[in-house]
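Each remark here refers to the structure printed beneath this line.
First listed ligand is number 1; within each ligand, the first listed atom is number 1. We use all heavy atoms of the structure for the numbers below, so side chains are in, but hydrogens, waters and symmetry mates are not.
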Amino acid sequence: MCGIVGYIGDEQAAPILLEGLKRLEYRGYDSAGVVVARGGKLTLTKTRGYVENLVAATDGGLRLPGTVGLGHTRWATHGQPTDENAHPHVSDGGKIAVVHNGIIENYAKLREFLRSKGYHFQSETDTEVAVNLIAFFYAESGDLKLAVAQAARRMEGSYALGILCEDCPDTLIATKKEAPLVVAVAEGANFLASDVAAILEYTREVYRLQDDEIAVLTRDKIEFFTGELDPITKSLEHIDWDISAAEKGGYEHFMLKEIAEQPESVRKTVFPRIRYGRVVLDELDISDEYIKSLTHIYLVGCGTAFYVGAAAKYNLEKLARIPTEAIMASEFRYSAPILGATTLVICISQSGTTADTIAAMREAKARGARVLSIVNVVGSVIAEESDWTLYTWAGPEICVASTKAYSTQLALTYLVALRFAEARGALDAAEYDAIVALLQVLPDRMETVLQNREQIQYVSSLFFNREDIFFIGRNIDYAVSLEGSLKLKEISYIHSEAYAAGELKHGPIALIEDGTLVITVAAYNKLIDKTISNAVEVKSRGAIILALTTDNGKAALSGVADEIITIPDTHDVLLPSLAVLPLQLFAYYVALARGREIDKPRNLAKSVTVE
Ligand code: G6P
C-alpha cells in the first residue's frame, strides 16, 4: 500500500526520493508525489499513475532543487486516485507539507473543527486534515515538533507521517501510530521510510519508530522524543538482507524469481529447525503442558496467508488431533470468537502489518487467548505483539501476489503440527520420523516440480484465453485449489473459483458448459478416486479437465483428464508444498500470455494496512 521516503543530506533530494519510491512500487499504489524544500520554499510535484510519470514530469528529479524532501506512493482510500488526492498534501497557505500512510478515522470531525477555524481544503483526503491540524497548532506556538505532538494526540486511527515546513527547511519530522516507519542513518545524510527497501541502497542502519514517538532529523543528527516530548534514546538495528534480494536478478518478473526461490527459502526456514531428526522450535518458549491443554486452534490471516491456514487446518487436526479452524482475519475480528486460556490463535502474515490480522491478534489477546505468529518481516507489528513468533526466512517478497511467503509459511505450519503432535503424543514415532525425513528432501522435490516449467507454460498456452476457470479438490487439495484460484485471478484477471470437489453438485455444476476448464487437484492419495468421480461428472457436461496429481496418481487420471501435470510423491501432509508450484506457474504464464502487469496487478496492494 502507501509508501513513504524522506531524505535530508547534502545531495539533491528529488532523484534519491524517486529511486526510493521505485523500490516501494511493489507495495501497490496508484499515484505518487514528492516535495522538496529550498530557500524557505516548498516545491511539490504529484501525478496519478506510476512513479515513471513523476520521473518524466521532473526530469528524473533534476528539475526539483533542494537537499531535503519527502516522497510518497499512494493507494487510494479517501478519494479517487487523482493528482489532487496524491500526496504530499500541504496546509492551507502551503507552509507545511505532509506524507501519510494509514487512515485517520476521526478526520471528518477534525475537518469540521478546522473549517470552523477558517481552514480550506483542496482534496477529499484525511491527510489534508492531518497537515492542517499540524498547521493549526503550529500557528499557535511556532514550534513544529510541539505542533506535531499536539496534532498526534487528537488523531484517531493509524498513521505514519513525514513532515516538512518551509520555516525550518533543514528539518524533517516523523511520527507514527500503528503504521510502520523507520529512521535511518547514512553517510552525510539521514532518511525516513515506511519500508527499509526504499533506503537499503544508502544505509542498513535503522531505528524503528514505536507508536507515538517523534523523530526530528537534521543533516547530521537524529533526535527522538516520546509523545509528551521527553527525549529518548533508541538503539540502531542493522539490516542484513541483501539488496539483490529486492532486485529481479535476470528474471523477467519478481514473481518468477520468487517462485524459483521457493526451494531455497523453504530450506532456510525448515532446516535449522530440525535437529537429529526432531523438530526444535527454540524461538517458542512454549511448554508441553500448554500444548496438551489446548482445546482449540484458530488460524487467522488474509488472502494467501489465510489459505496457508486453510491447508494447515487439515494437518493440525490430522497430526496433533486438536480441533482447528481457519478463519479470515476480517471475519474473525467481528465474530465474537470463543476464546480463552486453552485456545491458541495462530496469526499468519507475510508483512506483519495487515490491518485485519493485527486487529484479530489484538482481539484474541484481549479475550484471553495466546497468539503465535508466523511472519516474514522482522520487527513488524504482529511479530512484536504476539506471545510467540516464528519467522519465515523467505527474504523480501516484492511481487504483490505471494508465492515464497506461502511456501515458507506452509513449511512452518508442518513444524508446528509436528511439535504439537509430539507434545500430545498424538502421532506414532514411525510416522513422525517419516514426515521429518520427507521434510528434509522437500526442497529437492520442489526443485523437481519447478524444472517442469516448460510443460506448464505449454499447458497455459492452451487455456490462457478462457474467461472462467474452476478449481476443484478435496481436503488438502481443496486448500491448494483455493490458493491456485486466487493466484490466477490476482494476476491474470480471469474469473476463477475453487470448490471442494464434493460440493460441486450442490450448485456450481450449473456453471459448467462445453469447454469450461476445470483444474482438478487430485494429489491427496486417499481421495484421488473420489475426486476423479467429480471430474467425470463435469467432463460429462462438457468440461475440459486439467489434472494435477502425483506420479502415483497419474495412471488413475489418464482416462479422464485432457492434460495432466504431475508432482513427485511425498507424505500427504506435505503435498500442498509441491501441488501449489504448478498452479503458481500456471497463473504466471497465463498472465504473461495475456500481457498483464504481473508484479503489480491492478487494484491490489502488497501490504493492506487499512481495514
Ligand atoms: C494482500 C496481498 C496478498 C496477501 C494479503 C495478506 O491482499 O495482496 O498477497 O496475501 O494481503 O498479506 P500479509 O502480509 O498479511 O501476508
Legend entry - Nitrogen or oxygen of Leu604 less than 3.5 angstrom from that of ligand 1: no

Legend entry - Atoms in ligand 1 with a heavy atom of Ser351 nearer than 4.0 Å: 13 (P), 14 (O), 15 (O)

Inset, instruction - Can you run down the ring-ring contact (aromatic ring centres under 6.0 Å, His included) pairs that involve residues 376-410, sequence neighbours left out, and say none if there aren't any? - result: Tyr290-Trp388, Tyr391-Trp393

Legend entry - Residue and atom name of the nearest protein heavy atom (relative to atom 7 (O) of ligand 1), distance in Å to one decimal: Val608 CG2, 3.9 Å

Legend entry - Closest protein heavy atom to atom 8 (O) of ligand 1, given as residue, atom name and distance to 0.1 Å: Ala605 O, 2.8 Å

Legend entry - Under-4.0 Å salt bridge between Lys365 and Glu385: no

Inset, instruction - Using the ring of Tyr493 (Phe, Tyr or Trp, six-membered ring only), decide whether Arg596 places NZ or CZ under 6.0 Å from its centre and within 45 degrees of its axis. - result: no

Inset, instruction - Would you check if the distance from the ring center of Tyr298 to the ring center of His296 is below 6.0 Å? - result: yes

Legend entry - Nearest-neighbour protein heavy atom for atom 16 (O) of ligand 1, which is reported as residue plus atom name and distance: Gln350 N, 2.6 Å

Legend entry - Identity and distance of the protein heavy atom lying nearest atom 5 (C) of ligand 1: Cys302 O, 3.7 Å

Legend entry - Side-chain H-bond candidate by donor/acceptor type, Ser265 with Thr408, under 3.5 Å: no

Legend entry - His100 and Tyr159 aromatic ring geometry - parallel, tilted or perpendicular at 30°/60° bounds: tilted

Legend entry - Heavy atom of the protein closest to atom 11 (O) of ligand 1 (residue, atom name, distance): Lys606 O, 3.9 Å

Inset, instruction - Output yes when the distance from some N or O of ligand 1 to some N or O of Ala401 is under 3.5 Å, and no in every other case. - result: no

Inset, instruction - Looking only at non-hydrogen atoms, find the nearest pair between Arg370 and Asp387 and report the distance. - result: CA-OD2, 3.3 Å

Inset, instruction - Among Gln262, Gln584, Glu261, find the one that has a side-chain hydrogen bond (donor to acceptor under 3.5 Å, both in side chains) with Lys404. - result: Glu261

Inset, instruction - Output yes when the distance from some N or O of ligand 1 to some N or O of Ser349 is under 3.5 Å, and no in every other case. - result: yes

Legend entry - Pair Lys600 + Glu25, salt bridge at N-O below 4.0 Å: yes

Inset, instruction - Considering only non-hydrogen protein atoms, determine which one is nearest to atom 9 (O) of ligand 1 and report residue, atom name and distance to 0.1 Å. - result: Val400 O, 3.1 Å

Inset, instruction - Quick one: look up the protein heavy atom nearest atom 10 (O) of ligand 1 and list residue, atom name and how far away it is. - result: Thr304 N, 3.1 Å

Legend entry - Protein heavy atom at shortest distance from atom 13 (P) of ligand 1: Thr354 OG1, 3.2 Å

Inset, instruction - Examine Thr357 against ligand 1 and note whether any of their N/O atoms are separated by less than 3.5 Å. - result: no

